[in-house]
Amino acid sequence: GDVEKALKPMLALKKEKKFSLIIGAEKTETPERYGVLELSNERVVKITEKPKKSGTVFKSNAVYLLPKKFFWYLRHVKTHEHSIIYALQDYIKAEKNVGAAKSGKTISLKYPWDVLEVNKALLKEKARRSISKKARVHKNAVIEGNVVIGDKAMIGPNVVIEGPAYIGEGTEIRSNCYIRPYSSIGRNCVLGFGTEIKNSVIYDRTKTHNNYLGDSVIDEDCRPGWRTVTANRRLDRKNIFVRVNEKEVDTGTTSLGAFL
């Protein structure tokens, strides 16, 4: 949905102004985290990766309309996590015919914690209350809001699920579990007694037992030990930073747990 919304003004700009390459652009107040565009009206003068500057500027939203010629520039830059930015820099400098189409907020999938934002957006937009007739839900379970429960899932006694949330096919949520909003549980998982899940994505076949997993992403076939707790807030409640390639990266959130 985000890409489709971003493409409409990009296609319109290409048709109107005949730019050879179009970059999707959106406002940001944290330019140090993105590729930032220097604009002259709708023309891109320069793109700089993670500049040390403050204030509201336009960043690339990582949606592009690229001509074949761009890939010649891409082949001639060093392979790197920012190879596309470097190739865009060379293209802008040489071709001088690059436009920026301004759009609303989009969600990138660059870092592991971005999975949580994508999951939240999908649940908010797509989740509607739907409980499979093949699922077993205990009479004492409480299910509130837009909760999707797949085939052959089992919801035990005294379980509380607050939507929006997704429970995959064949997953067992045993007694006294608490599933909080914006949580997605994959297929054939087992959430053992007393587990609490908050704003997290749990992939297929993972098993828990009396755990607290908050603002976390847990991969397939994981088994957090009994009473494992993911600490998800700093004591000073400031943004959480994660070390990526020897650099401290601001996650832009005050709540972040673990990635297993």
Side-chain angles (χ1 to χ4, degrees), residues 1-126 217 239 241-242 244-253:
D2 280 348
V3 173
E4 188 176 337
K5 290 176 185 176
L7 278 174
K8 286 183 180 179
M10 295 172 72
L11 291 169
L13 181 65
K14 183 171 179 60
K15 183 177 181 180
E16 180 186 353
K17 296 294 180 71
K18 308 296 183 183
F19 287 116
S20 62
L21 187 154
I22 307 288
I23 301 174
E26 66 181 77
K27 287 183 178 180
T28 179
E29 295 180 356
T30 55
E32 69 279 2
R33 298 177 59 197
Y34 302 105
V36 171
L37 305 174
E38 182 180 327
L39 304 178
S40 175
N41 296 320
E42 294 165 326
R43 188 171 69 84
V44 180
V45 177
K46 188 177 181 182
I47 182 169
T48 306
E49 181 65 22
K50 297 181 175 65
K52 293 181 180 179
K53 62 193 305 184
S54 58
T56 301
V57 296
F58 281 94
K59 65 160 185 151
S60 163
N61 64 11
V63 181
Y64 311 103
L65 292 180
L66 302 171
K68 289 183 180 180
K69 192 173 185 179
F70 169 79
F71 295 95
W72 182 90
Y73 289 90
L74 186 60
R75 287 194 298 271
H76 287 79
V77 297
K78 183 179 178 181
T79 300
H80 186 271
E81 63 177 313
H82 302 310
S83 293
I84 288 181
I85 297 295
Y86 296 157
L88 284 170
Q89 289 172 341
D90 291 345
Y91 188 97
I92 292 165
K93 188 175 180 179
E95 304 295 331
K96 298 180 175 61
N97 190 30
V98 176
K102 298 169 186 177
S103 65
K105 180 177 173 56
T106 58
I107 301 173
S108 64
L109 193 55
K110 183 175 183 179
Y111 296 110
W113 51 89
D114 293 331
V115 171
L116 298 175
E117 280 298 306
V118 172
N119 176 66
K120 187 173 184 178
L122 286 173
L123 287 175
K124 186 180 291 186
E125 182 179 347
K126 303 292 186 182
V217 179
N239 280 9
F241 286 71
V242 175
V244 179
N245 294 331
E246 304 304 318
K247 295 180 181 179
E248 295 288 332
V249 176
D250 184 356
T251 65
T253 180

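- Applying the salt bridge (charged side-chain N to carboxylate O under 4.0 Å, His left out) rule to pairs touching residues 77-94 yields nothing, sequence neighbours excluded.
- The ring-ring contact (aromatic ring centres under 6.0 Å, His included) search around F70 returns none, not counting sequence neighbours.
- The distance from the CD1 atom of I92 to the CD1 atom of I47 is 5.5 Å, given to the nearest 0.5 Å.
- The shortest non-hydrogen separation linking G252 to N239 is CA-ND2, 3.6 Å.
- In this structure L11 satisfies the side chain to side chain contact (heavy atoms under 4.5 Å, CB included) test together with L65, sequence neighbours excluded.
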I'd like to know whether W113 forms a side-chain contact (heavy atoms from CB on, under 4.5 Å) with T253, so could you lay out the CA-CA distance, the side-chain angles of the two residues, the decisive distance to 0.1 Å, and finally the verdict. CA-CA 9 Å; W113 51 89; T253 180; 5.7 Å; no

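- The list of salt bridge (charged side-chain N to carboxylate O under 4.0 Å, His left out) pairs with a residue in residues 12-24, not counting sequence neighbours, reads K17-E42.
- A pairwise comparison of heavy atoms in V77 and S83 identifies CG2-O, 3.7 Å as the closest pair.
- Side-chain contact check for V249 versus Y111: some heavy-atom pair is nearer than 4.5 Å.
- Shortest non-hydrogen contact noted between A100 and L39 is CB-CD2, 3.6 Å.
- For residues 58-74, the set of pairs meeting the side-chain hydrogen bond (donor to acceptor under 3.5 Å, both in side chains) definition, not counting sequence neighbours, comprises S60-Y64, N61-S103, K69-E95, Y73-E95.
- Closest non-hydrogen pair, A25 versus L37, comes out as CB-CD1, 3.6 Å.
- Scanning for salt bridge (charged side-chain N to carboxylate O under 4.0 Å, His left out) contacts around K110 gives E49, with sequence neighbours left out.
- For the side-chain hydrogen bond (donor to acceptor under 3.5 Å, both in side chains) test, no residue two or more places apart in sequence or in another chain qualifies with D114.
- Under the rule for a side chain to side chain contact (heavy atoms under 4.5 Å, CB included), the partners of F71 that lie at least two apart in sequence or sit in another chain are L66, L74, R75.
- Residues passing the side chain to side chain contact (heavy atoms under 4.5 Å, CB included) test with T30 are T28, E32, R33, Y34, sequence neighbours excluded.
- Evaluation of the side-chain hydrogen bond (donor to acceptor under 3.5 Å, both in side chains) rule for E248 yields R243 as partners, not counting sequence neighbours.
- For V36, the side chain to side chain contact (heavy atoms under 4.5 Å, CB included) criterion is met by P31, P51, V57, not counting sequence neighbours.
- In this structure the side chain of N97 never reaches within 4.5 angstrom of the side chain of L21, judged on heavy atoms.
- Interatomic distance, CZ of F58 versus NZ of K27, reported as 5.0 Å (0.5 Å rounding).
- Within the 3.5 Å criterion, the main-chain N or O of R43 finds no donor-acceptor partner in the side chain of N41.
- For K50, the NZ atom counts as densely surrounded, since its 6.0 Å shell holds more than 12 non-hydrogen atoms of other residues, nucleotides or ligands.
- Qualifying side-chain hydrogen bond (donor to acceptor under 3.5 Å, both in side chains) partners for Q89, counting only residues two or more places apart in sequence or in other chains: none.
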